[in-house]
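I have placed the structure first, in the form of structure tokens, so that the comments after it can refer back to it.
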Number of protein chains: 2
Amino acid sequence: MAARTHRPRRRTEALSRERITEAAVELLDTAGESGLTFRALTERLATGAGAIYWHVANKGELLRAATDAVIVTALATPPAGAAPRDRVRAVALGLFDAVEAHPWVAAQLSALPYQSTAPRIFESVGQQVKALGVPEEHWFATASALVEYILGAAGQNAANTATARALGPAPDRGEILGSVARAWEGLDAEEYPFTRAVGDQLRAHDDREQFLAGIDLILAGVTALHLQDGPRTPREH
Amino acid sequence: MAARTHRPRRRTEALSRERITEAAVELLDTAGESGLTFRALTERLATGAGAIYWHVANKGELLRAATDAVIVTALATPPAGAAPRDRVRAVALGLFDAVEAHPWVAAQLSALPYQSTAPRIFESVGQQVKALGVPEEHWFATASALVEYILGAAGQNAANTATARALGPAPDRGEILGSVARAWEGLDAEEYPFTRAVGDQLRAHDDREQFLAGIDLILAGVTALHLQDGPRTPREH
DNA sequence: ACCTGAACACCGTTCAAGT
DNA sequence: ACCTGAACACCGTTCAAGT
């Protein structure tokens, strides 16, 4: 913009881990997991393969960095002020939406274990568990259960979205659920009585709402099992 | 064994989808996800690549078939007799153990959506939800929450196991948890107070027990929210 | 210190040719 | 109908050579 800047021009901007990660996220978002190749990256960054390897050890590290970037953004604004219960919902929903927007992170998150990115999620959820007033001896188990549910639900949702996208461009929620519902209708009625019976509920449900209903189920369990006679929330002041 | 059998000899046994899937599962179990290649398969089956493609469309279909085989086995013996609540636990634990034994299925299960293998899991869990006496309008949401938790928890556990295996051969549970706990101790105390605080609980916990504790949390929530004034279980006779 | 780009090993998939 | 195996296109990674 200003002519006097000392910054390097756009076209020759130095390569960096950040720029590479940013380009990787964009490629993953637009072309899916198979779209992230070093050739596509070198083209987009107008450089050679060796230049990328100077900044990043290998493809696995690049995928981890991309996943971490998405999750850090999703957890960036900690939910403040609201009741602990609503803060749990807010953190969970933030993660759910991030995975929905970047379906490829689901596979990454369940590939990595309690390392790199996972502790960020665990910490965010855990702090809300503590705020709920859960007794300390149940902190780990409660936070784990919530994180596992969140990752599982977000992953299933991402898979559905990704599959629907593969069928056609930019499908809306109705189309996605419709295609799954049609698949269910093709199931054998003898073998799948329950699944067939809830086909209408599948069609009618709202993903985000139902995700939160699952969170509420766990929170109700926490209340019943761990908050019975303790205070519901710690004193606020 | 018997000399009179009319069956073809081992070495020339005809290729089939079943034999190919079986070999794929073995390769995945012993060499991990990257160990399943068409070259390794052709060698193991003493055939050419084209022969495999005659029976299987592509690698994706092969992975789906392998996943389906594992899950079908895991769900083969339906838990009978016990109380609905214990049957939920039994189905869940069967899946948990299957994913632990075949860590590569975790990634597959979250890649596929409500198709092929997933409905089997949904149906098995759903039938127990129905048996619990959950009102019909909550069947879909309740079964979904349970399945999502099961897949999420099994996936996280599989990732931990796989990572530990990568570090050394045949690590026991203590080693696995120890390596994760050490990673947690390296985290910044300011940024990860909760995670650091529960490091000892991580070390001490039992995976399967805690997995079931998560199931119990959800079941307690189901009781609190959906079984309040209804019967706990349907009449048995 | 950082980047270039050709080269290498390996992989999924195809296909003309066999039986 | 089923199998063989060479060939093709593509990918992650390396590395000698440049600046």
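Below, each value reflects all heavy atoms present in this structure, side chains not excepted, and no hydrogens, waters or symmetry copies. Just so it is clear: chains get the letters A, B, ... in the order the sequence lines come, proteins before strands, and each one is counted from 1.
- Both S34(B) and I52(A) sit near DNA chain C, but only I52(A) has its closest nucleotide nearer the 5' end.
- Nearest heavy-atom pair, H55(B) versus E61(B), reported as atom, atom and distance to 0.1 Å: O-OE2, 4.4 Å.
- For L63(B) and dG12(C), the CG to C1' distance is 12 Å, given to the nearest whole Å.
- Rounding to whole angstrom units, CD1 of residue I20(B) and C1' of dC3(D) are separated by 11 Å.
- W54(B) has its CH2 atom 6 Å from the P atom of dA1(D), to the nearest Å.
- A salt bridge is absent between E100(B) and R208(B); no separation between the charged side-chain nitrogens and carboxylate oxygens falls under 4.0 Å.
- Rounded to whole Å, atom C1' of dA6(D) lies 17 Å from atom CZ of F38(B).
- Residue L41(B) contributes atom CG, which lies 9 Å from atom P of dG12(C) at whole-angstrom precision.
- Nucleic acid contact for L36(A): sugar-phosphate only, since backbone atoms but no base atoms lie under 4.0 Å from a heavy atom of the residue.
- Consecutive Watson-Crick or G-U pairing (both distances under 3.5 Å) extending over three or more pairs maps onto DNA chain C as C:4-8 with D:12-16, C:12-16 with D:4-8.
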Name the pairs: protein N/O against N/O of nucleotides 8-10 of chain C, kept only if under 3.5 Å.
none

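- Side-chain atoms of Q210(A) and S144(B) include a donor-acceptor pair closer than 3.5 Å.
- One can place CZ of R19(B) at 10 Å from P of dC3(D), the figure rounded to the nearest angstrom.
- Summarising the geometry, the separation between CD on E43(A) and P on dC11(D) is reported as 11 Å, rounded to the nearest angstrom.
- Summarising the geometry, the separation between CG on L15(B) and P on dC3(D) is reported as 5 Å, rounded to the nearest angstrom.
- Under the 4.0 Å criterion applied to side-chain N and carboxylate O atoms, E185(A) and R203(A) are assigned as salt-bridge partners.
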Nucleotide N/O to protein N/O under 3.5 Å, stretch nucleotides 14-19 of chain C:
none

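- Phosphate contact (OP1/OP2 of dA1(D), side-chain N/O of H55(B), threshold under 4.0 Å): absent.
- The two residues W184(B) and L202(B) come nearest to each other via the heavy atoms CE3-CD2, 3.7 Å.
- Partner L63(B) forms a side chain to side chain contact (heavy atoms under 4.5 Å, CB included) with one of V56(B), N58(B), L36(B) and no other, that one being L36(B).
- Looking at R17(B) and E22(B), no side-chain N of the basic residue comes within less than 4.0 Å of a carboxylate O on the acidic one, giving no salt bridge.
- For F140(B) and F194(A), the ring centers are positioned 6.0 Å apart or more.
- Heavy-atom minimum distance, A23(B) versus L41(B): CB-CD2, 3.8 Å.
- Ion pairing of R120(A) with D68(A) is present here, as a side-chain N (NZ or NE/NH1/NH2) and a carboxylate O approach within less than 4.0 Å.
- The backbone N or O of I176(A) sits less than 3.5 Å from a side-chain atom of S179(A), completing a donor-acceptor pair.
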